Structure formats: structure tokens, C-alpha cells
Amino acid sequence: DAMVIQNPRYQVTQFGKPVTLSCSQTLNHNVMYWYQQKSSQAPKLLFHYYDKDFNNEADTPDNFQSRRPNTSFCFLDIRSPGLGDAAMYLCATSRGSSSSTDTQYFGPGTRLTVL
Amino acid sequence: GDSVTQMEGPVTLSEEAFLTINCTYTATGYPSLFWYVQYPGEGLQLLLKATKADDKGSNKGFEATYRKETTSFHLEKGSVQVSDSAVYFCALSGRGGSARQLTFGSGTQLTVLP
């Protein structure tokens, strides 16, 4: 089945220690998104790639970076995690059509704990 | 800008009860509308969608109709099950650009008791 895969499902890191979260997709979609979701809140978009073009949200902290080496993979790098960065991180993909019917498909998420 | 307002939760129902979760939106033009479901500890799953006025999305016994005149997309299910316990997010996707921003509602926690 075509899908969005996130690894690891659970990640524990220490305050200030860089961490990388991984997302891969078999849907061959053009767009990949990263969201941050804190407890009992809606997901918040951090950034997205349309193919190789990176689009950062205005209020995404500089501490968060992303890489997309190829169509299938996208990484979220947190350079110096703080306690406030503990959250669920969701990856999503979409075809990226010019129509508003473009649909995002989400992975299972990575739960990040910062000690 | 675009916005989505969802019914406040949490909602607690008995098994086989009727479910309605209200969702209204504000957007320019003709957005697409979505319901996503999030089970505990999991990511979001697309439950259903509607892309134009009067469209009805349906899946797993859930339904929602895109009502442009009332700017609403209420989620309904005739008989809920314990396995439907989850958080439900209403979302819209607007026009313009090559990638779509999803605007989410705040989510509604549903608990179904046996």
C-alpha cells in the first residue's frame, strides 16, 4: 500500500542535543509537509517542500530546519531542542495540484520527548 | 483570512447513539473541506472530504455535506461505536499556489462508552 512512513515513532533526546526525524513516502507526491502538534491542539505547519523548493512558515523558529534529498524522503532537524519542542511531529504529503482539491495524507507521527 | 470553528469538546456518547460534530468555516472563494480523525498516539487519517457545494463526503458510516449557504460541514454518524473514540478535526483548503495550506479547527474529542 502506498503510504507515508515516519521513523522513529518515539524519540527521546536531551535538552540542546540535535535530533533528526525522518519521513518517507511511496505516493510519489510532489509536496511534503512538516507539522508540529502539541497536546490537545491542532497541527501547526512548520514548513513544506514543493519538489525541491523549500517554503518556511513565517513563525517557524530558526531552530527547525528541513532537508529533502529526493522525492521520497524528507527530514526534520531540530538543532538545539528545548523543553518546549516536546510534541508530536507529523509529516504529510500531497500531489501539489493547483486545485483546492489537493489532499494531504499524513504519516503516523513521531512523538518527541526532550529531557 | 481563512478559519474553521469546531464544536467544543469533549463529547461523550453511549454506543449506538447519534453523533453530530459541528463545523463552520470562513474562506474566500470555494475551498475544499475535510474531516480528519486522530486515534490516540497516532497521526491524522483522512476520514472524508468534499470539494464543492452540496457534495456529500462519506466513509465508515460518517457523512458530511458541504453547505455553502450556511458555510458548514457538520460531521454525522447514525450509530457510533466504541472504536470511534478519537479526536476529529475539520479542515479547509483554499485556493492559490502550488501547495495547499490546511486550516484546521481546534479538534473535538469524542469518547464512546460501551
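Values reported hereafter were calculated over all heavy atoms of this structure, with side chains retained and with hydrogens, waters and symmetry mates removed. Quick note on labels: first sequence line is chain A, next is B, and so on, each numbered from 1. All figures in this text were calculated on a predicted structure; none of them were measured in a lab.
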- Item | For A:Ala42 against B:Gly105, the heavy-atom pair lying closest together |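 Reported closest heavy-atom pair: CB-O, 3.3 Å.
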
- Task: Please report the closest heavy-atom contact between B:Phe104 and A:Pro43, naming both atoms and the distance.
- Result: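 Taking every non-hydrogen atom into account, CD1-O, 3.9 Å.
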
- Item | Within 6.0 angstrom of B:Glu8 CD, more than 12 heavy atoms from elsewhere |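 No, the 6.0 Å shell around CD holds no more than 12 heavy atoms from other groups.
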
- Could you please spell out the steps behind the salt bridge (charged side-chain N to carboxylate O under 4.0 Å, His left out) verdict for B:Glu42 and A:Arg111? CA-CA 9 Å; B:Glu42 298 292 325; A:Arg111 170 75 64 188; over 6 Å; no

Which bit of [X] comes within less than 4.5 Å of chain A, counting heavy atoms only: side chain, backbone, both or neither?
X	value
B:Gln109	neither
B:Leu44	both
B:Tyr36	side chain

Roughly how far, to the nearest 0.5 Å, is the [atom2] atom of [Y] from the [atom1] atom of [X]?
X	Y	atom1	atom2	result
A:Asp102	B:Thr51	CG	OG1	12.0 Å
A:Gln104	B:Lys49	CD	NZ	11.5 Å
A:Gln41	B:Phe89	CD	CZ	9.5 Å
B:Gln38	A:Phe106	CD	CZ	9.0 Å

- Contact part of A:Gln6 toward chain B, heavy-atom cut-off under 4.5 Å: side chain, backbone, both or neither?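 Answer is neither: A:Gln6 stays 4.5 Å or more from chain B.
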
